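Here the structure is laid out as structure tokens; the discussion comes afterwards.
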Amino acid sequence: MSEPDSNAPATPYPKVDSQADFPAIEKRVLERWKRDRTFEASVENRPAGERGQNEFVFYDGPPFANGMPHFGHLLTSYAKDVVPRYQTMRGRRVERRFGWDCHGLPAEMHAEKQLGVSGRQAILEYGIDRFNAFCRESVLTYTQEWRDYVARAGRWVSFDNEYRTMDLSYMESVLWAFKQLYDKGLVYEGHRVLPYSWAAETPVSNFETRMDNSYRERDDPALTVLFPLEVRDGDPGPLNLLVWTTTPWTLPSNLAAAVGPQIEYAILEVERDGAKQLVVIGAAARAKYAKELGEAREVGTLTGAELVGRAYTPPFDYFVGREKCHVILGAEFVDTEEGTGVVHLAPGFGEDDQRVCEEHGIELVCPVDEKGRFTAEVADYVGQNVLAANKPIAQDLKARGLVLRHEQYRHNYPHCWRTDEPLIYRAMSSWYVRVTDFRERMVQLNQEIHWIPEHIRDGQFGRWLEGARDWSISRNRFFGTPIPIWRSDDPTYPRVDVYGSIAELEADFGVKITDLHRPMIDELTRPNPDDPSGKSTMRRVEDVLDVWFDSGSMPFAQVHYPFENKEWFEDHFPADFICEYVAQTRGWFYTLVVLATALFDRPPFKNVICHGIVVAEDGRKLSKRLKNYPDLEASYDKYGSDALRWHLMSSPVLRGGDLAISQTGDEFADVVRLALLPIWSAYSFFTMYANADGVRAVERANQEGTLDRYALIKLRDLIESVESCMDAYDIAGACDRVRSFMDALNNWYIRRSRPRFWASNPSQEKQDAYDTLYTCLINLCRVAAPLLPFLTDEIHRGLCRGESVHLEDWPSASQLPDDFEFMHDMDRVRVACSAALSLREAHRRRIRLPLPMLTIAGPGCERLRPFIDLVRDEVNVKELVLDEDASQLARPLLKVKSRVVGPKVGKDMKAVLAAAEAGSWVLQDDGRVQVGEHRLEPGVDFVLALTAVDGLKGIAIEQLPEYNAVVALDVRTTPELEREGLARDAVRLLQQLRKDLDLEINTRVDVRYMAQGEQARALEEFGDYVAEQVLAESLEASGSDGPAGGDWRSVDWPGEGKACLAIRARG
RNA sequence: GGGCCUGUAGCUCAGUUGGUUAGAGCGUCCGCCUGAUAAGCGGGAGGUCACUGGUUCAAGUCCAGUCAGGCCCA
């Protein structure tokens, strides 16, 4: 379409079709980028500077490649492309390197499904080596699809030296990081309560328990048990705490009880088995125990806070005497919704329990073995499955009179999705990073990060940092970076070795290491050097690292720091910019900050866009199954990538909101119509006339013409404002500036300049018009290049002899005129024209009908003198009067400056405003205004505005509030004016005929007409004008039977009588 | 249950340190122009700024609470 056609006679510019096929254009542009290595050139053209001073550092958050990309990824991709493109044009070198996330549960789950191997036990039987080998392949399944889609989106990123988190070098850097933390004392072994399948003998991740089938209804025994409190002076008698639990089997492991400090507790006197007893229960929970406590007398109340610190006798004595145990603790999570308002804590078997106990220095106990049976520590039930032990435990407690109520409780309970047995919660050994140690520092460093949207910094992310807990980094899994800790297998001769490099491993184990994955790494064992007997062996801790540890290591691990690229890393940390969706505040953003703080005491990135999520029309998640979003490929093919990019980049989704996308993708059609086509139309207009005239335009900015200056100043305004938006990472704001510039260019500059383009003789004015439009277009392309990389490149190449816009510098605004006063004057003229046209419409005066006079009146109107001809033409009036004095057309209106006057007059403000509106004020000789008791200073306290008067015959008036002016249109016509209007009607009809005949724009014609009365007189009177307008060599009245047939093409001319116009091309 | 965000025209959203008559785009209705573009241009209609209360001379804006929606955590 715009490729030069070698057979056609040379024209200065490509022949451009006014109908654009954007997807086809994009395909050609992609080929050119590939052929010319435009991306590589755009990077290489920019010097890195000394120690990377001139680099803009971008970190790519790696995706998993075992799923297909969708609209959400597309959004991220576009944002990740726009910013680097912009910075490149600003002169920075922006290396962009793709990465793949490979490890972790998603990869393993996918492999389990593909292999039909389900669960830890099954994987062990299948073989870790075969399992991991499969993972290694499967995580790269869709890499080609990803590359294709990234390319089609026009995202420039290098796949040549992509990094993968499963590469040996990457993993070695991760080991290094781990050892750094360990050496700083930031790693420790602790316990973590996880869902546990005793049937499959494996922990189940929270991820797995959330899957659809794992929760099912189940009846469990629920006990309300008495915990006798230690007697204390002032008590009305011996008190018993009422405790409710749905897991009686955890009672032998009870180590504490928790109350809500704010909650009110009642002391009740209850009669049981003939004896009186005092029980303590959350006051709000009492009603639930109507049957047991209905008659009870309240003998006092206590707050939770008063209970905290009191000791009690636990229901079983297996762990009596342990430090800090069997005391009442305060915990915020306790409520009275369920149970008694007192929670029994068995830290070995509950997440909250474990956390609260740990906070109070209580060491946990876990007297349950891998198969879910009590160990010897719980002598009475040893060997029994814990769930089966619920019954005897309840019976024993009842026999001891400690049970107030025994009920069946039906609840949703997680089950092992492989064995179908109920899960239990059980403490597992886990390795932690002591995040709480440097939490405050993270909070400080976070202040240095520029978040988009801003509230994330101190809101979602800041709060999360403040509440950060130690990070459990070990996973009892297979495909991940191994935890590099080796321990002696005999506690008699303890020894721990931590490795932070391959070299250290090779030195100690004497083998060449080519892969750090399990199971190879597990095979590295050696005799314990601290064991004189020589019998114990150093073995690796089995776990692998949480995959987020990999992600957080990305800044240094991608370059194998510190083993290689030491200097490079130091010069490229932190990143200038990263971008992911907002949920990564808990994921990548967080782990980056954790590791950067712990390892380098710096924030890992300076600017971050966290965008919202793309949802379906109904607000639900995009779902492949429901097919509730448009197909990506089809959208590319129908609208092109630029349309998708523009839609996503101009939307508030970049400020963190959701973006709903319709199933049909209609919004992309709107984007084409509202954003892309206006730019294309301007381009096609320019090339059409420049080619017809054989004119080549030049970029310059010293044009004197009113419209030209206006366009050039607007262009300067565009460059400056887009620049400041982009510097603030406000991409949507930049889109908005581009759109409104195009509106001014198309619908004012080009429309008003049209006569200059079609003037048949060369002139300076004409060349100025070409140069101005050309200058606007190429600079618009440069400014919009990051936002519409395909369209702008196509146009820029067409205008600039094949130069890619992406190798250009960001345009310098300073070479353009900066007379913004002038620009505002023109904007004021446009408003005045709109108002005048609105008056025309209100008085039913069509635009082709000339009217005698338009007046623009108000202070400062003289400034509009340069625009007189422009306005006359636009509004089609014979005369334009500018009048500084509007008193004939308007009366003054007092506009009080509330912000200034308000504080001065206080309560009288209301009265002052009312008086201003009612006109009850007096203008004094010194220019001040008296309102009631108050005297107002001109300019400071008020301005005088105008409000149109009515009642002038034949004159229509409208005010321009923001410009303190009125326009008055004389809508009275005369027969002469009517005839001129008719002549213009005739021109319009004849032009349509030319168009219908497909005449070239410079073909000469003959015209004949048949008309009576005023229509005939109009053509006689304005014959020359009509002939000139339609390029007629002759203009003749035909006989009363109308123009003859043959070559003549005619059209009816509605009017007083029967009339028609006819046209015939000449020669 | 906790935290964060969002409620402004039929739809999608702007709205600065509180200041007189709350804006834009789309849609809709009406009209207009046309020697680039009907995928063009202009105009009109359309709002108790979610609700309630408070602070203030003055609240879309600040404060408290309520309701609704979203996200995250438990």
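Convention: sequence-line order gives letters A, B, ...; per-chain numbering from 1. Note that this is a predicted model, so its numbers are computed, not measured.
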- Task: Please measure how far the P atom in rU16(B) lies from the corresponding atom in rC73(B), and state the result in whole Å.
- Result: 32 Å
- Message: Using the side-chain heavy atoms of Gln19(A), tell me which of these nucleotides is nearest: rA39(B), rU37(B), rG25(B).
- Response: rA39(B)
- Item | Closest-nucleotide 5' rank along RNA chain B - winner of Asp352(A) and Ile750(A) | Ile750(A)
- Less than 4.5 Å apart, any side-chain heavy atom of Val695(A) and any of Tyr13(A)? no
- Query: Any side-chain N or O of Arg848(A) under 4.0 Å from OP1/OP2 of rU34(B)?
  - Reply: yes
- For rG60(B) and rA9(B), measure between their C1' atoms and round to the nearest Å. 14 Å
- Message: Counting only heavy atoms not in Arg737(A) (residues, nucleotides, ligands), do more than 12 fall under 6.0 Å from its CZ?
- Response: no
- Query: With sequence neighbours excluded, what pairs up with Asp352(A) under the salt bridge (charged side-chain N to carboxylate O under 4.0 Å, His left out) test?
  - Reply: Arg355(A)
- Query: Residues two or more places apart in sequence or in another chain: which of them pass salt bridge (charged side-chain N to carboxylate O under 4.0 Å, His left out) with Arg828(A)?
  - Reply: none
- In whole angstroms, how far is the P atom of rG2(B) from the CZ atom of Arg355(A)? 15 Å
- With the side chain counted from C-beta on, respond yes when Arg752(A) and Glu874(A) share a heavy-atom pair under 4.5 Å apart, and no when they do not. yes
- Message: What's the gap between rC5(B) and rG43(B) when it is taken at their C1' atoms, as a whole Å value?
- Response: 38 Å
- Message: If you compare all heavy atoms of Asp546(A) against all heavy atoms of Ser472(A), which two are closest, and at what distance to 0.1 Å?
- Response: OD2-O, 4.1 Å
- Protein-nucleotide distance (Ile613(A), atom CD1; rG70(B), atom P), rounded to Å: 11 Å
- Is there a donor and acceptor pair, one atom on the side chain of Glu841(A) and one on the base of rG31(B), closer than 3.5 Å? no
- Distance between C1' atoms of rC13(B) and rG47(B) (Å, rounded): 15 Å
- Atom-pair distance (CZ on Arg840(A); P on rG42(B)), nearest Å: 16 Å
- Query: Taking only N and O in the side chain of Arg463(A), is any of them less than 4.0 Å away from OP1 or OP2 of rC4(B)?
  - Reply: yes
- Item | Nucleotide nearest Arg739(A) when distance is taken to its side chain, options rA24(B), rU37(B), rA39(B) | rA24(B)
- Nearest nucleotide by nearest heavy atom, which residue falls closer to the 5' end of RNA chain B, Val901(A) or Ile456(A)? Ile456(A)
- Give Leu999(A) one of three labels, base, sugar-phosphate or nothing, depending on what nucleic acid heavy atoms sit under 4.0 Å from its own. nothing
- Query: Heavy atoms under 4.0 Å, any strand shown: does Ile847(A) hit a base, just sugar-phosphate, or nothing?
  - Reply: sugar-phosphate
- Task: Take atom CG of Leu849(A) and atom P of rG31(B), then tell me their distance rounded to the nearest Å.
- Result: 18 Å
- Roughly how far apart, to the nearest Å, are rG53(B) and rA14(B) at atom P? 28 Å
- Counting only heavy atoms not in Glu454(A), do more than 12 sit closer than 6.0 Å to its CD atom? no
- Note on the structure: Of rA24(B), rA39(B), rC73(B), the nucleotide closest to the side chain of Val672(A) is rA39(B)
- Item | Gln584(A) CD - rC71(B) C1' separation (whole Å) | 14 Å
- Message: By the 4.0 Å heavy-atom rule, please label Asp908(A) as base, sugar-phosphate, or nothing.
- Response: nothing
- Message: What is the separation between atom CE on Met909(A) and atom C1' on rC57(B), rounded to the nearest whole Å?
- Response: 7 Å
- Pairwise side-chain contact, Leu194(A) with Tyr425(A), heavy-atom cut-off 4.5 Å (strictly under): no
- Just checking Asp736(A): base, sugar-phosphate only, or nothing, at a heavy-atom cut-off of under 4.0 Å? nothing
- Item | Per His455(A) side chain, nearest of listed nucleotides rC73(B), rC4(B), rU37(B) | rC4(B)
- Message: Using a 4.0 Å heavy-atom cut-off, does Gln1029(A) contact any base of the nucleic acid, only the sugar-phosphate backbone, or nothing at all?
- Response: base
- Query: Side chains of Asp743(A) and Trp748(A): do they bring a donor and an acceptor to under 3.5 Å?
  - Reply: no
- Message: Under 4.0 Å, counting only non-hydrogen atoms across every strand here, what does Arg844(A) touch: a base, just sugar-phosphate, or nothing?
- Response: sugar-phosphate
- Task: Give the rounded distance in Å between these two atoms: OH of Tyr749(A) and P of rC41(B).
- Result: 18 Å
- RNA chain B base-pair string [pairs: Watson-Crick or G-U under 3.5 Å; |: paired with another strand]: (((((((..((((.....[...)))).(((((.......))))).....(((((..]....)))))))))))).
- Tell me: CZ of Arg846(A) to P of rU34(B), nearest whole Å? 11 Å
- Message: When the P atoms of rC51(B) and rC67(B) are compared, how many Å lie between them, rounded to an integer?
- Response: 15 Å
- Message: OP1 or OP2 of rG27(B) versus the side-chain N and O atoms of Arg673(A): is any pair under 4.0 Å?
- Response: yes
- Rounded distance in Å between the P positions of rG27(B) and rA39(B): 12 Å
- Task: Quick one: closest heavy-atom pair of Ile452(A) and Ala728(A), and the distance?
- Result: CG1-O, 4.3 Å
- Message: Would you say Thr585(A) places a side-chain N or O within less than 4.0 Å of OP1 or OP2 belonging to rC72(B)?
- Response: no
- Query: What distance, rounded to whole Å, do you find between the two C1' atoms, one in rU61(B) and one in rU55(B)?
  - Reply: 14 Å
